Amino acid sequence: MLQPTPHPGVLKITPYVSGESCIPGVDVVAKLSANENPLGPSPRAVAAYSAAADGLHCYPDSHATALRRALGRRYDLDPNRIICGCGSGDILSLLGHAYAGSGDEIIYSQHGFLLYALITHSVGATPVVASEEADLGGLRTSVDAVLASVTPRTRIVYIANPNNPTGTYLPAGEMARLHRNLPPSVLLVIDAAYAEYVGEKDYTAGIELVESGPNVVMTRTFSKFYGLAALRLGWAYGPSAVIQALNRIRGPFNVSTPAEAAGIAALEDTAYSACTRAHNEKWRAWVTAQLRALNLVLTESVTNFVFARFPIDKGYDSIGADAFLRRDGLIARRMESYHLPQWLRISIGRDSDMHLLINSLTEFLKRKDAA
Ligand SMILES: *Cc1c(COP(=O)(O)O)cnc(C)c1O
């Protein structure tokens, strides 16, 4: 029977599965599966959001002018080269739609953020997966592998820096080398969703690379560090031509008034940002050391989550660990969808969540020593 059919790429998409937030029969203590800010947003952001309740009958400013100006002030950028969106996922997707289509190739890394595969199929382009470096079982983007994957059909390279779910990053020099060796017709998209967490001296979010050529875009989000995931707010900085192209195809009201107001307040509350950063650094170091002491293998995460490999022994593997944590009300993220079934991704939570996490996993792994 004749019926409407989506284009072939659409049927290749495995729908994105978000971090779970409930466990049947158990009271959830902490959702450590979506890299949210466990301290919540700045109280000033919440106040700005509430104050926006008076204007809900009006359409938002379709250019998010005030937020782009605030971002421009904060990072010393030209607001005309900033675009805001309904989460950075929105902007990553707009980039795919504007610059690639059927017959084109999009490159991303083997364990790169899953959204890139989804976008590639949704625009009807062909995914090209660059294998990762051999250290730590291959859990860092390889600039050489990405460059070796470039063909005349390549339109976009998506790199999360640092990457989710591995937590690892490429130093500024490596990103610059990648950019230097890409054809100028290929758009390099640097997804810096976790940039605010990174303290490493050789890391940069990519602003200076955007300045250095017409083919680099950096995307950022308010969902992680700023604790505003529910409001769906992200932004990108890029060359004028790219920003103009995205402005042509975006939804005209892709940022709501309450989101914009909360975003500006969050950005300006630098004291609160310092608390978030300090909390994350303290607990990431502590959890990493504790898990390594339990003989788990961890990547060198620079983000607000850790990435841990469990033994292959049945009952002591990541599936067993996940089940054990759930019994205690903790939800971690399993990694089958990334073809890394031995690994769990665990977000940094509140103080008490982190103690519970370590107590729970200590008990879980002790059973193994006894066995
Ligand atoms: C969470 C995340 C995003 C941000 O998504 P939003 O749409 O802004 O909520 C983008 N990239 C990566 C790698 C992420 O982990």
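Counting starts at 1 for both ligands and their atoms, in listed order. Keep in mind that this is a model prediction, so the values were computed, not measured. Atoms considered below: every heavy atom in the structure, side chains included; atoms not considered: hydrogens, waters and symmetry mates.
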Quiz item: Hey, are K31 and D353 close enough for a salt bridge, meaning a charged N less than 4.0 Å from a carboxylate O?
Solution: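 No salt bridge links K31 with D353.
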Practice problem: Name the orientation class of the two ring planes belonging to W283 and H279 (parallel below 30°, tilted from 30 to 60°, perpendicular beyond 60°). | Solution: tilted
Self-check item: Ring geometry between Y116 and F113 (parallel below 30°, tilted from 30 to 60°, perpendicular above 60°)
Solution: perpendicular
Quiz item: Taking only residues two or more places apart in sequence, or in another chain, which ones meet S88 in a side chain to side chain donor-acceptor pair (under 3.5 Å)?
Solution: none
Quiz prompt | Ring centres under 6.0 angstrom apart (W343, F310) | solution = no
Quiz item: Taking the six-membered ring where the residue is Trp, are the ring centres of F225 and Y194 under 6.0 Å apart?
Solution: no
Quiz item: Under a strict 4.0 Å criterion on non-hydrogen atoms, which protein residues are in contact with ligand 1?
Solution: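 Near ligand 1, by chain and number: G87, S88, G89, F113, N164, D191, A193, Y194, T221, S223, K224, R232.
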